[in-house]
Every structure is written in C-alpha cells, then in structure tokens.
A.B. asks: 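The structure's right below; bear with me while I get my questions together.
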Amino acid sequence: MAPGKAPILTPRVDDFPRWYQDVLNKAELADNGPVRGTMVIRPYAYALWERMVAEVDARIKAAGAENAYFPLFIPESYFQREAEHVEGFSPELAVVTVGGGKELEEPVVVRPTSETVIGEYMAKWVQSYRDLPLLLNQWANVVRWELRPRVFLRTSEFLWQEGHTAHATEEDARDYAEHILRTVYRDFMVEVLAIPVLVGAKIAQERFAGATNTLTCEAMMGDGKALQMGTSHELGQNFARAFDVTFLDEHGEQRTCWTTSWGVSTRMMGGLIMAHGDDDGLRVPPRLAATQVVVLVVRDDDGSVTDAAQRLVDDLAHGGVRARLDARVETGFGRRATEWELKGVPLRVELGPRDLAEGQAVVARRDDGTKSPVSVGDLVGRLPGLLDDVQRSLLAEATSRRDGATVLVDSVAAAAEAAAEGFAVVPWRLLDDAAIDELGRSAVTVRCLQTPDGDLPGDTPADELIAVCARSY
RNA sequence: CGGGCUGUGGCGCAGUUUGGUUAGCGCGCUUGACUGGGGGUCAAGAGGUCGGGAGUUCGAAUCUCCCCAGCCCGACCA
C-alpha cells in the first residue's frame, strides 16, 4: 500500500472484530441476512466453501462413510428422548407451530443437529451385526437460534456436514470418532487450510449435549483467541438406547449399538479469514483457493496483451492450475490489484505491454507481497511450485505465530494471564472446579485436554494430561 | 430480563443542544475525457418516507409522547 494512503481495512491491531467485518465486506464474502443472525454467503466465499466441501467430502468417503439426507423438520418429541440433548439444545431451537395455516398437532423442530432423526432410522436399518458399522454423513443446513451472532463464526443458520455412525462395540465407536478427527478434520485443516490445529478432548462442561466424549480441533486466530474448528463425538449408548438402535450379535444376543457423530461447518470460513488474513485482506492457501492464480492485464492498447494473457490462463488450466483472467483494463491497475489482494488469491501474474515486449511477466505472491519477473515461457512450469511455496509458508507462519503465543505455565493465575494473549498450557490436575471458575472470570476456558506430547488423551491417566486454556470465539 | 447508546441516499457520518429558505460531507455508483506498473485526475450526474406513528408550531431531522429496530454492557449459553 502506498504510504500516506488511508488503509482499506481497519488494521488488525486497532480493532480485530472491525477488521474481520471489513474483510467480509471488502472481499465480498458475506452480508448479514434480513433475519438477525442469518447470513448471505456471496459467490466468492461460496466458491471457497465448495472447495472445503469437496476436500472434506472426499476424506469422509475415504473413511468409509456414505452420504444420505434426512429431513429438516424433526418431531419435537424426538428431542425429549435424550435428557441431556433436550437440555443442551432447547434454548436454541426454532420451533414451527403452524403449517398450512393450521396449528400443528405436534410442533416441529427445525434441526439444530440430526442425532435424533437419524437415530430413529438407524434403529430401523440396523438389525444384525452384519449391518454394522453403519457409517452415514449428510451435508445440510441447521438452525441454532443465536443471541450473539457473528457471520461465519456463530450464525443462527449455518451449513455443515454431520456424520453419524453406529458400531457394535465401544472400542469401535471410539476408534472411528478418533479416525475422523485425525484423518478427515485435522488432515484437511493442516494440509488444505494450512491451519495448524491442536487435537484434544473437551472437558465435561464443554461436551456436546448427549455425548460421553467430545474430541476437538482447536486453532489459534490472528488475535490469539481460539476457534473450535471441528468436533467428533463419542455418544456412548445414550442415543442408541433412546432410539432403540440394537442388533443381534453373532451369538444371537440382542445388543445396543455405540454411536458417534461429528461435524465441521461454515465456521471454518471464519477460521480461514482469522487465521491467515492480514491488514491487506484475506490470504487463501493455494490448495483451497478456487482461484489460485489471477492473470491481470495491466494495460492493453491493441488486444495483444489480453490475447497473451488468455493463452496463459488456458495453458495454466491445462497444467491443472485454477487460473482466471482479469482483463478489465478500463478499471485502474491499482484497484484491481487491491481487489485480488483483498480476496487473497495466492498468486497474481501481471502482464502488460512492457512485459510482453520483454517476454516476461511479473509474479506477485499474496503471502509475503513479493514480486518477481518470470519469463513467460517458464510460467506454466514454475507456478505450481510457487503455489506449493505459498501453501507451505502460510502453514509455517500460522504455526510459528501460534507456538510463539503458547506459554507453558504451572499456576491458575499464570494461565489466566497468558491466555489473555494466546494459549496457556497448564497441568490438568491443577484445574479443579474453583480454578475453572476463576479462569472463567477472565473469559478463559479450557479448550481441550491433551497428552503432554500433544495427542488425544486416549487412555492416558487424567493427572498426566495437559489443559490448553484460551479465550475463544 | 436489567442498564446505557444509536437510528439521516448502498456504506460511514455531520446537522438535533439553540426549530427557520433548497438536508450536507466522505466513500461507493453512473457518464465522459485524460490516464494507466498499487484504490489516478478532472468534469458532469443519479440516488433521501431524516426508523414508524401521533402531537406542539406559521414552520419539525431538530421539541413532546408512544411504538419499532439495532448495538454495547450485564444475566444466560454445545
């Protein structure tokens, strides 16, 4: 940005939430919906979401689950069947009481999550141990009425994927919940989103309503606060009992299933923005980017530059690069460059008459802002490698920022202080209920429990675990 | 639910205290010219039930009353 010019976005250090809002607007990502707490996802953001869906969906399928679709409307009575589930969700339910102009005999809940309906059908479909495991997933919208909405992070309606599985044994269910967390969620977040995430278990107070164990992927945002990016739950036999999901085992014994559920949502869009965004806007990691390279025609007097740029885009596309042409020469160069930076396109190729005469183009990296000339003939060969560099550098930057803002402490007071700026890691045995209350007074919560080497707790004794504490979204 | 604040072109705001001709400004938008390697310059335009209703007044964005919406803080929360 030219010195002396007013910044396009509120600088992050001045007001991070304001910056976030500015990015949503200026990068044309989303608008608020007409009903409080709802959002409109604009095309550029939706294209990113579609990329997330494609990547996550492929991993879910690789984990053996199949897609299905269950209804948006759920009989209210279903929610009554699992005590903790009702208690947890009733404050945020949207309930339909009128249909077709008539008062409904039984009110209908707009799904906040689908354990209950899916449980009902699992009970029908699972009869024998041969039907297990039953591995289902659905892509859907859900509604949870929110009092403090924030676009992408907490909205009353959001898009997500919810997996629901039934297993013959507790061990099998536990393994699968862990498998999803590691090979679907963590892998996607680290490898595609370039966001380093901590895997861990939620403490009892933070568990999903009705779960026996909740596993989580926690990321650190640019302001040091934590964001829960995805969760995978062991539901024990709570829902299986409530919905009578049972089977005959190989010995002819009637047994109750063990179920899991797991989800990631459009909240990841918020995570993407806040983990990688800088004062110039969004920075999209290349593996996620719907547009990896924008070829920008700087100026064109006779059409020759645009022709060359179009050929380049075609060649890149043939080489498997998601490239896009910007030949809007009637719009100033600076404006267009700024626009693509706001949108975080990883690489920008600038092509003008001057370049064309010299047989080169200028390649600008969004991650570090550097520009370098590359001969036109080399572009198709070199850009894929550059995209890999950008991908790596975004992950490296996010990782070192997180590690730099993570402090090991050995007292509750020190944890509260450290968590004001980032993550505080404290021995779990130091945190009794009173300590958790004390942290809460500084808006600090236990984000997850881990083994000392940063893995899921598994069977590790509780007094050997560490607690990651932070403020959170 | 309690306390505080705000509603004025698409967005952000001034004007309200002390009522007074035609309601301004920045950004954005449209058209044109010159431009063009970082939101370029100049010119000409479009766009308004001043949140809604009632009242006071010769006259209301401005004063009074009622209502609505949103924001912040508290309380409550996967």
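Fair warning: this is a prediction, and the values are worked out from it, not measured in the lab. Proteins get letters first, then strands, A, B, ... in listed order; numbering begins at 1 in each.
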A.B. asks: Which nucleotide wins on minimum distance to the side chain of A:K26, given the candidates B:G37, B:A78, B:G39?
C.D. replies: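 Closest of the options to the side chain of A:K26: B:G39.
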A.B. asks: State, without any angle test, whether A:D307 and A:S304 hold a side-chain donor-acceptor pair at a distance under 3.5 Å.
C.D. replies: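 Side chains of A:D307 and A:S304: no pair found under 3.5 Å.
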A.B. asks: Can you identify which nucleotide, out of B:A78, B:G28, B:G37, has its nearest atom closest to the A:F89 side chain?
C.D. replies: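 The nucleotide sitting nearest to the side chain is B:A78.
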A.B. asks: Just to confirm, is there a sub-4.0 Å distance from OP1 or OP2 of B:A78 to any side-chain nitrogen or oxygen of A:R447?
C.D. replies: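 For B:A78, OP1/OP2 do not have a side-chain N/O of A:R447 under 4.0 Å.
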A.B. asks: Where the side chain of A:T338 is concerned, which of B:G38, B:C29, B:A78 is the nearest nucleotide?
C.D. replies: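 Nearest to the side chain of A:T338 among the choices is B:G38.
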A.B. asks: Would A:R335 pass as a cation-pi partner of A:F333, given that its NZ or CZ must be under 6.0 Å from the six-membered ring centre and within 45 degrees of the axis?
C.D. replies: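 No; the conditions do not both hold, so A:R335 does not lie above the ring face of A:F333.
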A.B. asks: For the side chain of A:P91, starting at C-beta, report the closest nucleotide among B:A78, B:G37, B:G40.
C.D. replies: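 Nearest to the side-chain atoms of A:P91, counting from C-beta on, is B:A78.
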A.B. asks: Between the base of B:G38 and the side chain of A:K371, is there a donor and acceptor pair under 3.5 angstrom?
C.D. replies: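 Answer yes: a donor N or O sits under 3.5 Å from an acceptor.
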A.B. asks: Should A:H164 and A:E162 be marked as a side chain to side chain donor-acceptor pair (under 3.5 Å) after you check the CA-CA gap, both sets of side-chain angles, and the distance that decides it?
C.D. replies: CA-CA 7 Å; A:H164 296 270; A:E162 50 178 322; 2.7 Å; yes
A.B. asks: Looking at A:F158, is A:R267 sitting on its ring face, NZ or CZ under 6.0 Å from the six-membered ring centre and within 45 degrees of the normal?
C.D. replies: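 Verdict for A:F158: no cation-pi partner in A:R267.
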A.B. asks: At less than 3.5 Å, do the side-chain atoms of A:E92 and the base atoms of B:A78 form a donor-acceptor pair?
C.D. replies: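 Looking at the base of B:A78, it does not pair with any donor or acceptor on the side chain of A:E92 (distance under 3.5 Å).
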A.B. asks: Choosing from B:G37, B:G38, B:A78, which nucleotide comes nearest the side chain of A:R348?
C.D. replies: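 Nearest nucleotide to the side chain: B:G38.
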A.B. asks: What dot-bracket string describes RNA chain B from 5' to 3', counting Watson-Crick and G-U wobble pairs whose defining distances are under 3.5 Å, with [ ] for crossing pairs and | for pairs to another strand?
C.D. replies: ((((((((.[[[[.)....(...]]]].((((((.....)))))).....[[[[[..)....]]]]])))))))....
